[in-house]
Structures are given as structure tokens and as C-alpha cells.
Amino acid sequence: MALPQTLPGFREFYPEAMAVRSHIFRVWRQTAHVFGFQEYDGPVLEPLELYTRKSGDEIEAQLFSFTDKGGREVSLRPEMTPTVCRLVGAKANALKRPIKWFSIAEFYRYERMQKGRGRCFFQFNADIFGEAGPEAEVELIALLVQCLRGFGLTAEDFYIRLSDRNLWLHYLEALGFDEAQARSVLGVIDKYEKIGDAAFTSFTEAHGAMDETRKAKILALLAVKGIDALEAVVAQAGSEKLTARLADWRALLGGLEAMGVGAFVSVDLGVVRGLSYYTGFVFEAFDRKGDLRALAGGGRYNDLVAKYGGPDLPAVGFAIGDMTFQLLLEARGLLPKIMQAPDAYAVIGGPAERTLALGHVNELRQAALRVDYPLKQTAFGKQFKAAGESGAKLALIYGESEVARGVVKIRDLGDGKETEVPAHQLVLAVRELLGR
RNA sequence: GUGGUUGUAGCUCAGUUGGUUAGAGCACCAGAUUGUGGAUCUGGGGGUCGCGGGUUCAAAUCCCGUCAGCCACCCCA
């Protein structure tokens, strides 16, 4: 009878994989703390409505949703944003501004597996609530950059594409598109990079053919690759809203430059982030080689807290997924071979010596030294072999002769040097040999 | 959800036109080795050949189905 298999798309972490995961999380967490973000978490299981309210019922096809034993419609969380909006919204008036929060959590989506995408994955989420100005974007993008740089990735390895849904909407308004048409155009922009001119088909079907003049103007903004070009294109449109928005852009880019991350960011109006809830600046991180899917994505979502029952609270956030990110680190050889090795390994002569040895093992462990020893009594040769393979720096030798003389022989497994120390000085001696 | 492709030991892979008890390397365990490690040698465990059905005297091999992995599409909050 075959054992039940791991569910498709779910992951198991053997010690080696777990070491990698822990390493990544450790750097992310440390970086977030350095930037003054506070960690939070929420439930893994949420009411289904938390997700359908924001994204409509069709989202349910992508959810791990079911009816629980109490008849509740529930879903495993596919993302953090609704949860954090609820958390913040519920206590918004009691929280000091700006609210800078982050989390590292697992998410679940009922989707087909692919490279860099499974049915469960971890995300680092960071958000700032309560700051409407581009200063919040500066801080978040700087954090995003550092979360990648912290592993040794450089501006040669990744970059961040920066765009703006507000700018697009103002621009399209100036071109005379109504609201529904503008939304349709955003969909076109999202697809244009991938399928080119065919992207306009969806607009044509809904609103009729677009005149060439306006199409050319859309393509002009789409082609913008820098602040100068952006200003030039926007100046032609001659809209007050657009001019005001440009001031935000200058503030954002200036801030990013001052923060030392300018080299990682490129102006690129081709990014609009799907049909999502974003209301202003949006950004996505990609590897430079371009053979992986997006590493991270985020943007401003000023309406969402209110939508989840909280007060009007401006917000901006981003998420980094662990799978694509790990693929990038592997490709660049930036995952250190992490080995969980003990500091010392006890080599024990026989049952008589074992009592003393275990006492010392305990003593060393109380002193926070990592110590291992063979559970079963075996020959000395085997124990030395095990000591070497464990990666320990020192072997502590408990033979008949040492125990009788009240000493412990310590062998440096690197250079083979041996010293004897009185049993009562063991902790000190081990510390010294380890250099701490 | 659609299409393509791949499934043999923990891992990487052999396995002849269908032919007897399916192999190798690495890894693991044990012995050589009763006080000094990484080596070497010897031995051992581990497979319903993804699963199910069909063709055949005979299937890892051929056919059908199914499941799973990979790749692309859809989607990507």
C-alpha cells in the first residue's frame, strides 16, 4: 500500500533546505528591524469573504477555500494585504504614525505549479500606513533594495521598475478618455510588453477603435525611460494634475537618490500591476538577465484600509516571494553552504567514562557551547570519524587514563594538536580554543 | 483549466530487436580497526521499474488510461 504523497505544490524542508530558508528569513528580518519596521502576523485561515470582497468571486478559483465544520466559508490566506489592512484598520487610531510593519509568512494559492511558483510559498511583506507623500515610497523601496542587497546581490543582478497608476489616469484623462476607457487602457499597457500591438484588441472590442493620435501618445508615455523624458511627454499633455504629479515624482526620485538606491531604480511606465487595487506609484523588482519572474512587487493602495472597515488611511507596501528569490540566489551562487556543526564532540572510552562525559557535555551546553557525542558506545576509531564528520572543531577525549587523572584531552580536529586540561577548567579551555 | 514533455534505489543514471532472480556510481549501515578522524578494501540493507489496465508464452521495454514532476499558456492579489 502506497503512502499518501505530499500534496502537489506543497513543500517539505529537509534540514539542508530549512537552513537555506532560515538564512533568508534571518536576513530579511534583520534588515526590516534595521529600517525600523515592526513584525506582526495574522491567521493562516481567514473568512472567504475577506478575499472575495476585494477581488470579486472569480478569485475563489485561485484560493484554497472550503467549508469548515461549523459551516463557515473559509480560505487559506493567499496574500497578507487584506489581513494587515484589517489589523491596522481596527486599531488605526491608537497606532503611532507612521505605522511601519513587516511579516514573514506562508501563503497558499490553488494554482498550477511552475518554476518559481508553487501552491504554497513564503513572502516578506512590508507596509507603511499613514503617510500619503512619496517619502513612504522612498523608505519602502530602500528597504526592498536592502532586502536583496543583504545577500550580495548588486545593481548588476536586479533592478526596480517604477511606474505610476495616478500619472497614467491623469494622462488618459487629459487625452479625453473616460473612466471605463482609462481602466481598459491600463489593461492594454499591462499586456503591451508581452504581446505588442495585439494588446489593443481588448480596448477595441469594448470601446471601438482608438484613433492613431491618442494611441501614439499612449505609446509615447509607455516608452518613457527616465525623468527627463517623462517631463517632456507630460508637458505636451498640458494638465495641471499631471504637473502636480511630476512634483511627487521628483520628490520620490530625489529621495531614492539621497538614500543611495538610485542605481537600482528605473523609471518605466510599462508596469501597472494587473487589475489590482493600487492607486499611485507601483514598482516591481526583476533580475537583470530577465529569465525569472518578478522577484517582488508593490505599490500604493490608499483605499484599502477603508474598504476593510477602517478609517481613511494612506498605505503603501510590497512583498518579496521566497521561491523566485531563492532561484536567483542559487543562479548567482549566493547561497552559502550552511552547516550546523557542533563546537565540540565528545569521544568516550566506555560506560565508566560516560558518566563523567555526560556531566561535562551538560556543563558545556549550559554555557551555550554546541556539543554532541555518540549515543551508542562504539570503538574510538569510529568516534573520531564521527567527530570529524560532524564538523566539530574540537574532540573532547574521555579515556580511562584521562578520567583517572582528572583531566580532559582536547584534540583540535583541524590541525591535530592535543592538549590536556583539568576537568574543572574545561569550559574556559574550550572557549579559549574556540576563540571566544 | 489548455497544450507539450518526462517518470527505473535517497541522488545521478545504465538496462540490447520484449526473454530467466533489474544493475552501476555516489550516499547510508557494518566489518577490517578494543586509544586517535576524513582514505582504502570487503560485505550489507534499500526497487510492486509512478500507479492501473491491455497485448503477449513472456513487459522496465509495446498500447491505453491515470497520477506526479518539468516547460509554456491562463492567472499572478
Side-chain angles (χ1 to χ4, degrees), chain A residues 1-12 14-16 46 50-56 58-63 75-85 107-119 121 123 125 127 187 190-191 194-195 271-278 282 284 291-299 301 304 307 317-319 321 323-324 327 341 345-351 353 374 376-404 409-418:
Chain A
M1 186 167 72
L3 282 171
Q5 299 299 298
T6 312
L7 259 11
F10 280 76
R11 297 191 282 169
E12 293 170 309
Y14 283 80
E16 204 174 317
E46 292 275 20
L50 187 68
Y51 306 110
T52 52
R53 180 188 294 192
K54 189 191 72 177
S55 312
E58 63 278 9
I59 197 69
E60 197 174 343
Q62 315 283 345
L63 296 177
S75 171
L76 291 171
R77 61 185 174 194
E79 58 166 328
M80 194 53 113
T81 308
T83 299
V84 72
C85 284
F107 300 94
Y108 309 86
R109 295 179 189 175
Y110 200 88
E111 291 184 295
R112 192 70 130 214
M113 291 187 56
Q114 252 178 83
K115 183 160 84 173
R117 191 166 83 178
R119 286 184 172 180
F121 53 91
Q123 276 185 350
N125 273 261
D127 297 271
D190 193 38
K191 290 217 171 3
K194 203 170 221 175
I195 63 176
V271 174
V272 291
R273 304 271 304 149
L275 34 98
S276 51
Y277 42 65
Y278 291 106
V282 291
E284 287 189 325
D291 36 37
L292 298 170
R293 58 180 61 240
L295 292 163
Y301 51 97
L304 221 48
K307 210 164 181 175
F318 73 83
M323 293 181 77
T324 301
L327 287 172
Y345 191 100
V347 173
I348 303 165
E353 290 76 32
K376 249 189 280 194
Q377 199 55 54
T378 59
F380 262 71
K382 287 245 183 286
Q383 295 191 53
F384 277 103
K385 189 173 175 182
E389 284 171 350
S390 77
K393 293 169 193 71
L394 306 173
L396 311 176
I397 303 164
Y398 293 88
E400 197 179 343
S401 133
E402 288 83 3
V403 171
K409 189 186 277 182
I410 305 178
R411 179 180 172 89
D412 185 311
L413 290 165
D415 58 22
K417 280 188 187 131
E418 294 187 346

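In what follows, every chain begins at residue 1, and chains take the letters A, B, ... in the order their sequences are listed.
Residue A/A379 has its side chain nearest to B/rU34 when only B/rA77, B/rU34, B/rG35 are considered. The A/K385 side chain lies nearest to B/rG37 when the options are B/rA77, B/rU36, B/rG37. For A/P8, whose side chain is taken as the heavy atoms from C-beta onward, the closest listed nucleotide among B/rA68, B/rU36, B/rC70 is B/rA68. For A/R112, taking side-chain heavy atoms from C-beta onward, the closest of the listed nucleotides B/rG35, B/rU2, B/rU34 is B/rU2. Taking the side chain of A/R117 as heavy atoms from C-beta on, and the options B/rA77, B/rC76, B/rG35, the nearest nucleotide is B/rC76. For A/L413, whose side chain is taken as the heavy atoms from C-beta onward, the closest listed nucleotide among B/rC74, B/rG37, B/rG35 is B/rG37. Here the nucleotide nearest the side chain of A/R293, chosen from B/rG35, B/rA77, B/rC76, is B/rC76. Across B/rA77, B/rG37, B/rC75, the shortest atom-to-atom separation from the side chain of A/R411 is found for B/rG37.
The cationic group of A/R77 does not satisfy the cation-pi geometry with A/Y108, failing either the under 6.0 Å distance to the six-membered ring centre or the 45° limit from the ring axis.
Atom CD in A/Q62 sits about 14 Å away from atom C1' in B/rC73, given to the nearest Å. For the pair A/I195 CD1 and B/rC73 C1', the interatomic distance rounds to 12 Å; values are reported in whole Å. One can place CD of A/E12 at 12 Å from P of B/rC11, the figure rounded to the nearest angstrom. A/K376 has its NZ atom 11 Å from the P atom of B/rC29, to the nearest Å. The distance from atom CG of A/L396 to atom P of B/rG35 is 18 Å, rounded to the nearest whole Å. Computed from coordinates, the A/K191 NZ to B/rC73 P distance equals 12 Å when rounded to whole Å. We find that CD of A/E16 is positioned 13 Å from P of B/rC28, with the value rounded to whole Å. Note: NZ (A/K393) to C1' (B/rG37) measures 16 Å, nearest angstrom.
For B/rC76, the base has no donor-acceptor partner in the side chain of A/R109 [N/O atoms by modelled type, under 3.5 angstrom]. On a pure distance criterion of 3.5 Å, no polar donor-acceptor pair joins the side chain of A/Q383 and the base of B/rU36.
Contact record, A/P82 with A/L50: CB-CG, 3.7 Å, taken as the closest heavy-atom pair.
A/Q114 comes within 4.0 angstrom of a nucleotide base, judged by non-hydrogen atoms across all strands. Heavy atoms of A/E389 sit nowhere under 4.0 angstrom from any nucleic acid atom. Residue-level contact check: A/E402 touches the bases, meaning some heavy atom is under 4.0 Å from a base atom. Base contact: A/P78 has a heavy atom under 4.0 Å from a base atom. Among the protein residues, A/G317 comes within range of no part of the nucleic acid, since none of its heavy atoms lies under 4.0 Å from any strand.
Comparing the P positions of B/rA60 and B/rA68 gives an interatomic distance of 24 Å, to the nearest angstrom. For B/rG10 and B/rG53, the C1' atoms lie 30 Å apart once the distance is rounded to whole Å. Taking the P atom of each, B/rU33 and B/rG50 are spaced 43 Å apart, rounded to whole Å. Between B/rC70 and B/rU12, the two P atoms lie 13 Å apart (nearest whole Å). One C1' atom belongs to B/rU61, the other to B/rG15, and the distance between them is 9 Å to the nearest Å. The P atoms of B/rG23 and B/rG19 are separated by 14 Å, rounded to the nearest whole Å. Spacing of P atoms, B/rC13 relative to B/rU56, comes out at 36 Å, to the nearest Å. B/rC26 and B/rU21 are spaced 25 Å apart, taking the C1' atom of each and rounding to whole Å.
Applying the ring-ring contact (aromatic ring centres under 6.0 Å, His included) rule to A/Y345 yields no partners; only residues at least two apart in sequence or on another chain are considered. Here A/Y301 pairs with A/Y277 under the ring-ring contact (aromatic ring centres under 6.0 Å, His included) rule; sequence neighbours left out.
Taking CZ from A/R117 and CE from A/M323, the interatomic distance works out to 10.0 Å, rounded to the nearest 0.5 Å.
Counted within 6.0 Å of CZ on A/F380, heavy atoms from surrounding residues, nucleotides or ligands total more than 12; the atom is thus considered enclosed.
At a threshold of 4.0 Å, the pair A/R119-A/E111 does not count as salt-bridged, since none of the basic side-chain nitrogens sits closer than that to a carboxylate oxygen.
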Read 5' to 3' with Watson-Crick or G-U pairs under 3.5 Å, [ ] for crossing pairs and | for partners on another strand, RNA chain B gives (((((((..((((.....[...)))).(((((.......))))).....(((((..]....))))))))))))....
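Both A/L7 and A/E418 lie near RNA chain B, and the one whose nearest nucleotide falls closer to the 5' end is A/E418. If A/Y278 and A/T6 are placed on RNA chain B by their nearest nucleotide, the residue sitting closer to the 5' end is A/T6.
For the pair A/Q383 (side chain) and A/T378 (backbone), a donor-acceptor distance under 3.5 Å is present. A donor-acceptor pair under 3.5 Å is formed between the side chain of A/E402 and the backbone N or O of A/G399.
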Please lay out, stage by stage, how A/D412 and A/K393 fare under the test side chain to side chain contact (heavy atoms under 4.5 Å, CB included). CA-CA 6 Å; A/D412 185 311; A/K393 293 169 193 71; 5.9 Å; no
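Once the 5.5 Å centre distance and the 30° plane angle are applied, the aromatic ring of A/F384 is found not to be stacked with the base of B/rG37.
Contact annotation: A/K382 does not reach the phosphate of B/rU34 (side-chain N/O to OP1 or OP2, under 4.0 Å).
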